[in-house]
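When reading the values below, keep in mind they use all heavy atoms of this one structure, side chains included, and skip hydrogens, waters and symmetry mates. Below, chains carry the letters A, B, ... as their sequence lines are ordered, and counting in each starts from 1.
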Number of protein chains: 2
Amino acid sequence: MNSMTAAPSPFSPTDRPQLGLRERKKIKTREAIRTATYALVREQGYDATTIEQIAERAEVSPSTVFRYFPTKEDIVLTDEYDPLIMEELRARPMDEPWMDTLRFVMQKAIRLGIKDDPEVSRLRTHLMVQVPAVRSRMMESMSVTGTMLCQAIGERTGRDPDSLEVRVYAMAIIGGLMETSLYWAENDHRDDFKDLVDRTMDVLEHGLSPEKP
Amino acid sequence: MNSMTAAPSPFSPTDRPQLGLRERKKIKTREAIRTATYALVREQGYDATTIEQIAERAEVSPSTVFRYFPTKEDIVLTDEYDPLIMEELRARPMDEPWMDTLRFVMQKAIRLGIKDDPEVSRLRTHLMVQVPAVRSRMMESMSVTGTMLCQAIGERTGRDPDSLEVRVYAMAIIGGLMETSLYWAENDHRDDFKDLVDRTMDVLEHGLSPEKP
DNA sequence: CCATGAAATGAGAGTAGCTGTCAAAAGGTG
DNA sequence: CACCTTTTGACAGCTACTCTCATTTCATGG
């Protein structure tokens, strides 16, 4: 649900023979910073955690932290599902109804994301609810994801991806999904996220179905 | 499209006999800060404008600026349409189809907002496109407006305003409308905003109608 | 295997947004 | 006019973030 660089590494950082030592080190540093941040945030909260502390625990200089992540929020948020989702969208058969495609791809993305690290998914959404700056940054990334979605919808339907209609449609979907994440976290992750997304898709597809108090 | 305090003053700050001198001065200060900010932003851009400069031109101390506005972005963004919209929503007949109500109220809000100060509307949306921090703050306020909309939808349909369905529905609408503002500004305000909103409503109501490339 | 060039890092200084405290000034009230 | 409350300004302080420059670390061709 976000853009940015470097994959979450399906491989461990050490065993990638094709990459030079330099690249491998960079990946390691990136992960060290992330890990340090998550740990510190868990221990003392987001606001109380300073870049200096993060740098210290990750054993790099503060300068380096900023070289790897433009903002503090990005350390927590940055992931790389956007291109993955895009790929999956393209892989679906062209004659499949659009909403089915979306539903399928979202479910798959969730499966991947949660399996990857359920703790992190929860911490992340929790921070979105708790810390305005994080939520804010997350919403920022909605625009990026939105442009991508427009592209996909354009390819799919032959419409102009820059038209108002497509853009509104895409943003409505993303807004809905974002709200689903917030809902999930606000209710302490009690629900099954996949079910929630399913219900969200129903609403996006049919609107509020008549009277079901 | 935003929450917050103090109305944009249908009255000029001086002629309000019912308010004490203290209150009148507060309103004046608030407007002075806003005016100073708009002017400076126009002259030298948003980022180049510092709180110190704003304070100087508004003839107050920097501390005072922060007392009136929690963040720099808020000086530019803060308006008070949310309660107005809420009121209008409640005023519409209960048996009117929901989408018609929404359409009507949005159009009215736009008419008010634009008439109030067309320059400011444009500058504001322009900044939303240009300055990430402003866009970010704007999106933040989406949550607030969202909760309000949920409330209205709840009253209207008898549904639980905290249910996932209502929240997703509300957020989809707001996301769509937000995107409309961005679209408007990105295209240099060439379109008639009212028409854009009308088209947005169509999409929100019926989805992407079949094949109109 | 070493020398040369390129890239990554660290150190430090600097900016600006924002918070908190406290004393002075201004507004309201008897 | 005196007393109390609210608002303000001055100042100190924190932290995210930027920029610059010297140093270190890796890559490569001879």
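Side-chain atoms of A/Thr125 and A/Ser181 form no donor-acceptor pair, as typed in the model, at a separation below 3.5 Å. Looking only at atom types and distance, the side chain of A/Tyr46 has a donor-acceptor partner in the side chain of A/Glu73 under 3.5 Å away.
A donor and an acceptor atom never sit less than 3.5 Å apart when one is taken from the side chain of A/Thr29 and the other from the base of C/dA8. Side chain B/Arg24 to base C/dG27: no donor-acceptor pair is found below 3.5 Å. In the interface, the side chain of B/Ser61 is not paired with the base of D/dA10 through any donor and acceptor atom under 3.5 Å apart.
Of the side-chain N and O atoms in B/Tyr68, none sit less than 4.0 angstrom from OP1 or OP2 of D/dT7. Under 4.0 angstrom from either OP1 or OP2 of C/dA26 there lies no side-chain N or O belonging to B/Lys25.
In this structure, B/Lys26 fails the cation-pi test against B/Tyr68, since its NZ or CZ atom is not both closer than 6.0 Å to the six-membered ring centre and inside 45 degrees of the ring normal. Cation-pi contact between A/Lys72 and A/Phe66: absent, since separation from the ring centre below 6.0 Å together with deviation from the ring axis within 45° is not met.
Checking each of A/Arg30, A/Arg34, A/Arg137 against A/Asp74 for a salt bridge (charged side-chain N to carboxylate O under 4.0 Å, His left out) leaves exactly one that passes, namely A/Arg137. Of the listed residues (B/Glu88, B/Arg156, B/Arg90), just one forms a side chain to side chain donor-acceptor pair (under 3.5 Å) with B/Thr101, and that residue is B/Arg156.
Taking atom CD on A/Glu59 and atom C1' on C/dG10, their separation rounds to 14 Å, with Å as the unit. Between the C1' atom of D/dT25 and the CG atom of A/Leu21 lies a distance of 9 Å, rounded to the nearest Å. What separates CZ of B/Arg67 from P of D/dG9 is a distance of 8 Å, to the nearest Å. Separating the CZ atom of B/Phe69 from the C1' atom of C/dT19 is a distance of 18 Å, rounded to the nearest angstrom. Taking atom CG of residue B/Asp74 and atom C1' of nucleotide C/dG17, one finds them 13 Å apart after rounding to whole Å. Atom pair B/Ile33:CD1 and D/dT8:C1' shows a separation of 11 Å (rounding to whole Å applied). At whole-Å resolution of the value, CD in A/Glu56 and P in C/dG10 are 13 Å apart.
Using a 4.0 Å heavy-atom criterion, one finds that B/Ser63 contacts the bases of the nucleic acid, with or without backbone contacts as well.
Crowding of A/Glu155 atom CD: a count of heavy atoms from other residues, nucleotides or ligands under 6.0 Å exceeding 12.
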Within the sub-3.5 Å range, which N or O atoms of nucleotides 13-17 of chain D have a protein N or O partner, and how far apart are they?
unit_1: D/dA16; atom_1: OP1; unit_2: A/Lys72; atom_2: NZ; d: 3.3
unit_1: D/dA16; atom_1: OP2; unit_2: A/Ile51; atom_2: N; d: 3.2
unit_1: D/dC17; atom_1: OP2; unit_2: A/Lys72; atom_2: N; d: 2.7

For nucleotides 2-5 of chain D, print each protein N/O atom paired with a nucleotide N/O atom at under 3.5 Å, atom names and distance only.
unit_1: D/dT5; atom_1: O2; unit_2: B/Arg22; atom_2: NH2; d: 3.4

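In this structure, the side-chain contact (heavy atoms from CB on, under 4.5 Å) partners of A/Ala170, at least two apart in sequence or on a different chain, are A/Leu149, A/Cys150, A/Ile153.
You'll find the side chain of B/Arg167 reaches within 4.5 Å of the side chain of A/Leu182, heavy atoms only.
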